[in-house]
Amino acid sequence: MDSRFLGIPELTEAPSVAVVVDVMRAFTVAAWAFALGAERIVLTGTLDEALALKARHPDWAALKDGPPAPGFDLVNSPGQLRSADLGGRTVVQRTTAGTVGALAVRDASLVLCAGFVVAEATARVLRERAPDEVTYVVTGEDGRADEDLACAQYIAGRAAGASPDPAGYLHRAAASRAAAELTEGMRRGSHPDDVALCLELDRFPFAMVAAEEDALTVLRRYDGTP
């Protein structure tokens, strides 16, 4: 199983299998949403698209990066999201990196969205599917975000059947620029627990798979191979 690690700008064609990694915080938040009972997450590329979907479906919960804003119910923070009641609801998620990365590879035959909180479940899907090649999309900082690269490399090792020590990968993520900005309160719409929550390895037992449904890119929880 060959692994490629690319930033969003480096994606020139749809890969066969893609793992889109956004540790801090899009896909940590998505995993929390599923754990809190969300039925599905609609991934959008723009705020206007998210607001338009919310306007057509008032019962959906719209979520974005940054501080609270009119039309949005939630912010992209696991620390803040964990108290939400999402049982049976559809969440519309728009972030600056994670959802954009997922949309960039939506034509792949398999799209997994991941962070450390679902690392082993993601690797398990890859081991079961055993593709010849996997493209890991490192969404943050145009592919330079070390928290995303560290997570991608860890998942790649587990997918290949190795047993890498997670401590070094988690340390890299904890020392990343994103972690520092969250810890120092430089990112609005954050919570003091966000970094710690993003670094909880394998907190959730499920993977997250994105696919096209009715002209929307929809992320769903998968407890087995899709």
Side-chain angles (χ1 to χ4, degrees), residues 17-45 50 53-54 57 59-65 73-95 97-131 134 136-137 139 148 151-152 154-155 158-159 194 197-226:
V17 174
V19 178
V20 187
V21 181
D22 190 328
V23 172
M24 298 183 187
R25 294 162 284 172
F27 297 135
T28 301
V29 166
W32 269 95
F34 286 124
L36 292 166
E39 179 181 352
R40 63 178 189 161
I41 299 174
V42 178
L43 305 177
T44 65
L53 286 169
K54 172 68 176 178
H57 305 278
D59 57 321
W60 292 7
L63 183 155
K64 64 177 281 294
D65 273 334
D73 308 282
L74 305 164
V75 295
N76 191 46
S77 160
Q80 296 194 46
L81 187 75
R82 61 187 167 177
S83 61
D85 180 7
L86 298 176
R89 299 186 71 183
T90 293
V91 175
V92 179
Q93 185 181 32
R94 192 277 174 181
T95 68
T99 63
V100 174
L103 292 170
V105 294
R106 59 188 167 191
D107 291 332
S109 62
L110 174 64
V111 179
L112 293 154
C113 295
F116 280 111
V117 293
V118 294
E120 182 58 30
T122 304
R124 184 175 64 245
V125 173
L126 294 171
R127 289 195 300 268
E128 292 172 352
R129 290 287 293 264
V134 180
Y136 292 85
V137 183
T139 60
D148 293 339
C151 183
Y154 176 75
I155 293 172
R158 293 295 299 132
D194 278 354
L197 291 172
C198 290
L199 299 181
E200 289 188 325
L201 183 66
D202 301 330
R203 174 165 187 142
F204 303 115
F206 52 82
M208 300 185 293
V209 178
E212 295 299 294
E213 298 181 16
D214 300 323
L216 298 174
T217 302
V218 176
L219 188 63
R220 290 189 181 270
R221 167 179 173 158
Y222 280 89
D223 293 283
T225 304

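Remember, predicted model here, so these are calculated numbers, not experimental data. Note that these values count all heavy atoms, side chains included, but never hydrogens, waters or copies made by symmetry.
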Flag the pair [X] / [Y] as yes when at least one side-chain heavy-atom distance between them is below 4.5 Å, and no otherwise.
X      : Y      : result
Phe27  : Val118 : no
Tyr136 : Ile155 : yes
Arg220 : Val209 : no
Val42  : Glu213 : no
Arg124 : Arg158 : no
Ser109 : Val17  : yes
Leu81  : Leu86  : yes

Rounded to the nearest 0.5 Å, what's the gap from [atom1] on [X] to [atom2] on [Y]? Could you check?
X      : Y      : atom1 : atom2 : answer
Cys113 : Ile41  : SG    : CD1   : 9.0 Å
Asn76  : Asp65  : CG    : CG    : 4.5 Å
Gln93  : Thr44  : CD    : OG1   : 8.0 Å
Glu200 : Thr28  : CD    : OG1   : 9.5 Å
Leu126 : Leu110 : CG    : CG    : 7.0 Å

Pairs flagged by salt bridge (charged side-chain N to carboxylate O under 4.0 Å, His left out) wherever residues 73-91 is involved - sequence neighbours left out: Lys54-Asp73, Arg82-Asp193

Taking all non-hydrogen atoms of both residues into account, name the closest pair between [X] and [Y] and its distance.
X      : Y      : value
Thr90  : Arg40  : OG1-NE, 3.2 Å
Val111 : Val105 : CG2-O, 3.3 Å
Val91  : Ala38  : CG2-CB, 4.1 Å
Thr122 : Ala114 : OG1-CB, 3.7 Å
Ala207 : Ala121 : N-CB, 3.6 Å
Gly45  : Val100 : O-CG2, 4.4 Å

[X]: side-chain contact (heavy atoms from CB on, under 4.5 Å) partners, not counting sequence neighbours:
X      : answer
Arg106 : Leu103, Glu212, Thr217
Asp202 : Ala119, Glu120
Val75  : Pro68, Ser77, Gln80

Sequence neighbours left out, cut at 3.5 Å: what donor-acceptor pairs do the side chains of residues 29-37 make with other protein atoms?
none

Leu197, Leu201, Val21 screened by side chain to side chain contact (heavy atoms under 4.5 Å, CB included) with Phe116, the one that passes: Leu201

Thr139: side-chain hydrogen bond (donor to acceptor under 3.5 Å, both in side chains) partners, not counting sequence neighbours: Asp148

